[in-house]
Amino acid sequence: MGKVIALANQKGGVGKTTTAINLSSALATRGCSVLVIDLDSQGNATTGFGISNNGSANSYDLLAGKAALDGCRVETSIANLELVPSCIDLVGAEVELAEQDDRHTRLRSAISQSNVSFDYVFIDCPPALGFLTLNALCAADAVLVPLQCEFFALEGLSHLLKTLARVRRSLNPSLEIEGVLLTMHDSRNNLSEMIVQDARSHLGKKVYKTLIPRNVRISEASSHGKPILLYDRTCSGNLAYESLAREMLGVSEEEEAAK
Ligand SMILES: Nc1ncnc2c1ncn2[C@@H]1O[C@H](COP(=O)(O)OP(=O)(O)O)[C@@H](O)[C@H]1O
Ligand SMILES: [Mg+2]
C-alpha cells in the first residue's frame, strides 16, 4: 500500500471531512490512485461524495471483521478515487471494540490485506480520540491535522500531540505528522492572521504553506454531494485544495502546467 494518512483532530467542524473529500479528489485528478475510508458514524465524507448508504459493506463491517477491504470499496464520481463508506453502526463500534484484544489494529490488518495498492489512503476520523481514531492512527503512516483559524485553535492541539506520542510509544512507532493544515482562513480577519503566525511559530515547517480560505462554495458542494472540483473549479476553495495537492506532491503550478 502507498501512503496511509489519517485526518485527525478531536475537535469537530475543523475541516477533516472537507479535506478528505477535496484533497483526495485533487490528487486523484492528478493521476494518483486514492482510497478514502470514512470512519465517522456521521458519514459526512460518504454523503459528501454523493454516495448513499444502501446497505453495502462499509467501514463498520471492516472493523467488525465481517468484510474485507476489497469488499467494501465503492467507486466515486471521480476517476481513480474509491471510498469505503461509513455506517451508523460505527456508533456502537467504540464499545464493541473495547472488548477485543486486537482493538487498535483492526483497521491496520484490514488495509494490509487489500489486494489493490493505492498511492494514497485517507482515513476520515470522527471528532474524538476513541478507538476509531486510534485504529486510524495505528494504521497510518502519517497524520494530517486540520486546524480551524479561530480562537482556541491551538488549544486542543497539545492533547492531540500527546495522543500521537502515546500511539508512537505503544502501537505505531513510525507514525509521522504529515502536516498541519490551516482551514477556514479569512484574510480580512486579524484573528485568522494571528492564528497563522502562532501555528507557524509553534509548529514551523509542519504547517502547510497552503491556507484553505473560508469559502461558502466548499460547503455548498458537500451539500450537493460533490467534491468542490466538480461543483466550482474556479472558486477560491477549489484553487486552495489544488494547491495543497501540489504541495503534497512537491510540484509547482508552473511545473504542472508544463506537463
Ligand atoms: N474552507 C471552508 N469554507 C467554508 N466552509 C467550510 C470550509 N471547510 C469546511 N467547511 C464547512 O464547515 C463544516 C465543518 O467541516 P467538516 O469538514 O465537516 O469538519 P470536520 O470533519 O472536522 O467535523 C461543514 O459544514 C463544511 O462544509
Ligand atoms: Mg468530519
Side-chain angles (χ1 to χ4, degrees), residues 5-27 34 36 38-40 42 44-45 47-49 120 122-129 133 136-137 140 142-161 163-164 177-224 226-229 231-249:
I5 299 175
L7 287 136
N9 186 332
Q10 72 275 23
K11 264 196 179 188
V14 297
K16 292 181 289 297
T17 301
T18 301
T19 302
I21 294 170
N22 295 307
L23 176 58
S24 63
S25 303
L27 287 168
V34 190
V36 174
D38 186 351
L39 214 55
D40 187 351
Q42 290 177 44
N44 294 337
T47 48
F49 276 116
Y120 289 96
F122 289 100
I123 309 171
D124 186 26
C125 293
L129 293 174
T133 296
L137 296 178
V143 48
L144 194 163
V145 184
L147 276 191
Q148 191 181 347
C149 291
E150 49 131 46
F151 210 55
F152 298 133
L154 292 167
E155 201 181 50
L157 193 63
S158 61
H159 192 55
L160 178 61
L161 294 177
T163 302
L164 295 182
I177 296 184
E178 178 71 21
V180 173
L181 178 66
L182 297 169
T183 64
M184 298 183 228
H185 179 258
D186 179 355
S187 56
R188 293 161 308 177
N189 181 338
N190 286 337
L191 181 62
S192 259
E193 279 310 312
M194 271 169 56
I195 303 290
V196 174
Q197 284 172 20
D198 226 24
R200 294 209 196 280
S201 72
H202 279 90
L203 304 159
K205 288 208 175 101
K206 286 289 170 202
V207 182
Y208 287 108
K209 290 201 182 84
T210 303
L211 300 172
I212 306 297
R214 185 175 281 285
N215 177 206
V216 69
R217 305 295 276 168
I218 289 182
S219 39
E220 281 173 21
S222 283
S223 67
H224 286 85
K226 284 185 178 171
I228 187 70
L229 66 83
Y231 185 73
D232 184 350
R233 272 208 103 104
T234 59
C235 73
S236 63
N238 184 51
L239 298 179
Y241 277 106
E242 303 238 349
S243 157
L244 180 64
R246 283 194 299 269
E247 192 175 345
M248 196 170 244
L249 295 170

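Each residue takes its place number in the sequence, starting with 1. Only this structure's heavy atoms are used, side chains among them; waters, hydrogens and symmetry mates stay out.
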**Item:** Interatomic distance, C149 atom SG to L211 atom CG [nearest 0.5 angstrom]
**Value:** 6.5 Å

**Asked** Do V36 and F49 touch side chain to side chain, with heavy atoms closer than 4.5 Å?
**Response** yes

**Prompt:** Counting N and O atoms only, with roles assigned by atom type, does the side chain of E247 sit under 3.5 Å from a partner on the main chain of T210, one being a donor and the other an acceptor?
**Reply:** yes

**Request:** Compare every heavy atom of P146 with every heavy atom of V14, then report the nearest pair and how far apart it is.
**Result:** CG2-O, 3.6 Å

**Item:** Option from L181, L157, V207, L7 for which side chain to side chain contact (heavy atoms under 4.5 Å, CB included) with V145 holds
**Value:** L157

**Asked** Side-chain contact, heavy-atom cut-off 4.5 Å: E220 with K226?
**Response** no

**Message:** Could you report the tightest heavy-atom contact between A6 and L137, atom names first, then the distance?
**Reply:** CB-CD2, 4.2 Å

**Request:** Using modelled atom types only, decide if a donor and an acceptor are shared between the side chain of S243 and the backbone of L239 within a distance under 3.5 Å.
**Result:** no

**Prompt:** Do the side chains of T133 and P126 get nearer than 4.5 Å, heavy atoms only?
**Reply:** yes

**Prompt:** Is there a side-chain contact between V34 and S25, using heavy atoms and a 4.5 Å cut-off?
**Reply:** no

**A199 to L154 - nearest heavy-atom pair and separation** = N-CD1, 4.1 Å

**Request:** Please examine the side chains of M248 and L144, heavy atoms only from C-beta on, and report whether any two atoms are closer than 4.5 Å.
**Result:** yes

**Request:** First locate atom CE of M184, then atom OG of S219, and finally report the distance between them rounded to the nearest 0.5 Å.
**Result:** 8.5 Å

**Request:** Tell me, please, which residues at least two apart from T234 pass side chain to side chain donor-acceptor pair (under 3.5 Å).
**Result:** D232

**Prompt:** Quick one: are I177 and L161 in side-chain contact, heavy atoms under 4.5 Å?
**Reply:** yes

**Asked** Restricting to pairs with a member in residues 7-22, which pass side chain to side chain donor-acceptor pair (under 3.5 Å), not counting sequence neighbours?
**Response** K11-E150, T17-D124, T19-Y241

**I228 side chain near C235 side chain, heavy-atom distance below 4.5 Å** = yes

**Item:** Residue list, side chain to side chain donor-acceptor pair (under 3.5 Å) with R233, at least two apart or on another chain
**Value:** none

**Spacing of L23 atom CG and E242 atom CD [to the nearest 0.5 Å]** = 11.0 Å

**Asked** Within the side chain of R200, is there an N or O that forms a donor-acceptor pair under 3.5 Å with the backbone of K205?
**Response** no

**N215 to G237 - nearest heavy-atom pair and separation** = OD1-N, 2.8 Å

**Heavy-atom pair of closest approach, residues A8 and V143** = CB-CG2, 3.9 Å

